There are 2 protein chains.
Amino acid sequence: MQRPAVDRRVAAIKALAHPSRLLIAETLMGGERCVCDLQALVGADMSTVSKHLSLMRAAGVLTCERRGLNIYYRLACSCLPEFLRCLDELAPEACGEGCCD
Amino acid sequence: MQRPAVDRRVAAIKALAHPSRLLIAETLMGGERCVCDLQALVGADMSTVSKHLSLMRAAGVLTCERRGLNIYYRLACSCLPEFLRCLDELAPEACGEGCCD
DNA sequence: CATCTATTTGGTATTTTTGCCAAATAGAGA
DNA sequence: TCTCTATTTGGCAAAAATACCAAATAGATG
């Protein structure tokens with residue numbers, strides 16, 4: 001049973017919509033890392049980090065590969081850097097409350 | 001007090017990480033719409049739609065403008081179409097469970 | 001095979017998000 | 001000013017997401 005297009009997109013976006021997960025994705029923009037590296041980076045419980053990674057992989061945002069004792073995660077979403085650059089140009093609530101312009 | 005960069009990015013991404021909100025954003029890719037149009041589109045309570053719009057505007061993803069009786073919302077994030085196209089190319093959980101490759 | 005290490009899974013308490021109703025507001029027009 | 005319409009806000013119950021602990025798993029290695 002195929003999920004509707006919107007839901008698949010939402011799942012991928014949700015996979016990036018959390019501080020720890022976005023930090024992971026940003027880090028992986030610089031190349032693959034093993035889970036232990038990512039847990040050190042995020043600073044949360046290992047199980048928490050693992051669940052974040054599973055969620056991101058299920059959404060298609062990451063792929064992983066075992067090598068020796070470690071499992072290495074990699075970013076599957078090549079468009080992330082440009083998207084983040086674009087987001088940084090937005091002006092969040094730049095005009096106070098109410099409807100601006 | 002400036003929010004850290006990661007949090008601003010997360011806020012913008014969260015603003016898109018909900019079926020109704022993504023539907024709104026996708027619709028606005030085709031040009032501005034008034035709140036009433038968007039509520040008809042989404043099919044939820046007017047107050048619910050309004051809160052989604054506020055959240056998206058606070059995150060910088062939308063801007064709005066009053067004209068006559070209506071308020072028109074517009075997409076501020078020009079990179080959305082390309083980002084969505086990119087997401088559609090991901091292969092969510094294409095390889096069953098466990099670590100693939 | 002026994003064990004060790006890295007990672008995942010199950011379970012649950014806590015926090016956050018969501019959605020509706022009712023009430024408030026803001027501006028347009030009589 | 002009074003009223004009407006479109007939209008927002010406040011409040012709260014229900015649903016979803018998050019984080020930790022403990023236990024399980026999967027390979028690697030002795």
Side-chain angles (χ1 to χ4, degrees), chain A residues 3 6-7 10-25 28 32-59 61-74 93 95-101, chain B residues 3 6-7 10-25 28 32-59 61-74 93 95-101:
Chain A
R3 253 188 312 188
V6 171
D7 289 347
V10 167
I13 296 172
K14 271 188 183 170
L16 300 169
H18 181 284
S20 300
R21 292 198 298 262
L22 185 59
L23 181 58
I24 288 171
L28 294 181
E32 63 174 20
R33 299 292 151 89
C34 70
V35 180
C36 49
D37 287 343
L38 295 172
Q39 105 121 119
L41 174 80
V42 166
D45 192 271
M46 172 65 94
S47 71
T48 299
V49 173
S50 176
K51 277 175 182 169
H52 282 312
L53 292 171
S54 296
L55 185 154
M56 295 173 87
R57 189 165 55 72
V61 168
L62 302 185
T63 61
C64 61
E65 176 186 4
R66 172 183 282 267
R67 228 153 48 230
L69 278 176
N70 300 308
I71 296 184
Y72 291 85
Y73 276 83
R74 200 175 313 175
E93 45 194 340
C95 31
E97 317 84 48
C99 183
C100 35
D101 299 43
Chain B
R3 250 187 314 186
V6 170
D7 289 347
V10 167
I13 296 172
K14 271 189 182 168
L16 300 168
H18 182 283
S20 300
R21 293 199 296 263
L22 185 60
L23 182 59
I24 289 172
L28 295 180
E32 64 174 22
R33 300 291 151 88
C34 71
V35 180
C36 49
D37 287 342
L38 295 172
Q39 102 119 120
L41 173 80
V42 166
D45 192 273
M46 172 65 93
S47 70
T48 298
V49 174
S50 176
K51 278 175 181 171
H52 281 311
L53 292 170
S54 296
L55 185 155
M56 295 172 86
R57 188 165 55 71
V61 169
L62 302 185
T63 61
C64 62
E65 177 186 5
R66 172 182 282 267
R67 228 152 51 230
L69 278 177
N70 301 309
I71 297 185
Y72 291 85
Y73 277 84
R74 199 173 315 174
E93 44 194 339
C95 29
E97 319 84 48
C99 182
C100 34
D101 298 45

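Chain naming here is simple, since letters A, B, ... match the order of the sequence lines and numbering starts at 1 in each. For clarity, every value in this text was computed on a predicted model and none was experimentally measured.
- The CD1 atom of B:I13 sits 4.5 Å away from atom CG of A:L22, with the distance rounded to the nearest 0.5 Å.
- A:D37 places its CG atom 15 Å from the C1' atom of C:dT5, with the value rounded to the nearest Å.
- Taking 4.0 angstrom as the limit, A:Y73 places a side-chain polar atom (N or O) nearer than this to OP1 or OP2 of C:dT8.
- The side chain of A:N70 places no N or O atom within less than 4.0 Å of a non-bridging phosphate oxygen (OP1 or OP2) of C:dT5.
- Taken to the nearest 0.5 Å, the CG atom of B:L23 stands 12.0 Å off from the CG atom of B:L16.
- Straight-line distance from the CE atom of A:M56 to the C1' atom of C:dT7: 17 Å, rounded to whole Å.
- Atom pair A:R33:CZ and C:dT7:P shows a separation of 14 Å (rounding to whole Å applied).
- Nucleotide D:dT7 holds its C1' atom 16 Å from the CD atom of B:E65, rounded to whole Å.
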Would you list the atom pairs, donor with acceptor, under 3.5 Å between side chains in residues 38-50 of chain A and any protein atom, with sequence neighbours excluded?
| residue | atom | partner | partner atom | Å |
| --- | --- | --- | --- | --- |
| A:Q39 | NE2 | A:A44 | O | 2.8 |
| A:D45 | OD1 | A:S47 | N | 2.9 |
| A:D45 | OD1 | A:S47 | OG | 2.7 |

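- Listed here is the closest heavy atom pair of B:A25 and B:M56: CB-CE, 4.0 Å.
- Terminal axes of the helix from C:dC1-D:dG30 to C:dA30-D:dT1 (five pairs each, C1' rotation axis) are separated by 30°, to the nearest 10°.
- In this structure, the side chain to side chain donor-acceptor pair (under 3.5 Å) partners of A:H52, at least two apart in sequence or on a different chain, are A:R21.
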What is the per-nucleotide protein-contact pattern of nucleotides 12-22 of chain D, from the 5' end, where B denotes a base atom under 4.0 Å from a protein heavy atom, S denotes such proximity for sugar-phosphate atoms only, and - denotes neither? -----SSSBBB

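- Here the P atom of nucleotide D:dT7 and the CE atom of B:M46 are 5 Å apart, to the nearest Å.
- A:I71 approaches A:C64 most closely through the heavy-atom pair CG2-CB, 3.9 Å.
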What verdict does the side-chain contact (heavy atoms from CB on, under 4.5 Å) test give for A:D37 and A:C34, after you've listed the backbone C-alpha separation in whole Å, the side-chain angles of each residue and the deciding distance to 0.1 Å? CA-CA 5 Å; A:D37 287 343; A:C34 70; 3.6 Å; yes

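- To the nearest 0.5 Å, atom OH of residue B:Y72 and atom CZ of residue B:R66 are 11.0 Å apart.
- Rounded to an integer number of Å, the gap from B:I71 CD1 to C:dA28 P is 10 Å.
- Summarising the geometry, atom CG belonging to B:N70 is positioned 10.5 Å from atom CD belonging to B:E32; distances are rounded to the nearest 0.5 Å.
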Are any protein N/O atoms closer than 3.5 Å to N/O atoms in nucleotides 24-30 of chain D? If there are, list each pair with its distance.
none

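- Every residue two or more places apart in sequence or in another chain was checked for a side-chain contact (heavy atoms from CB on, under 4.5 Å) with A:L69, and none qualifies.
- Note that CZ of B:R57 is 9.0 Å distant from CG of B:L62, once rounded to the nearest 0.5 Å.
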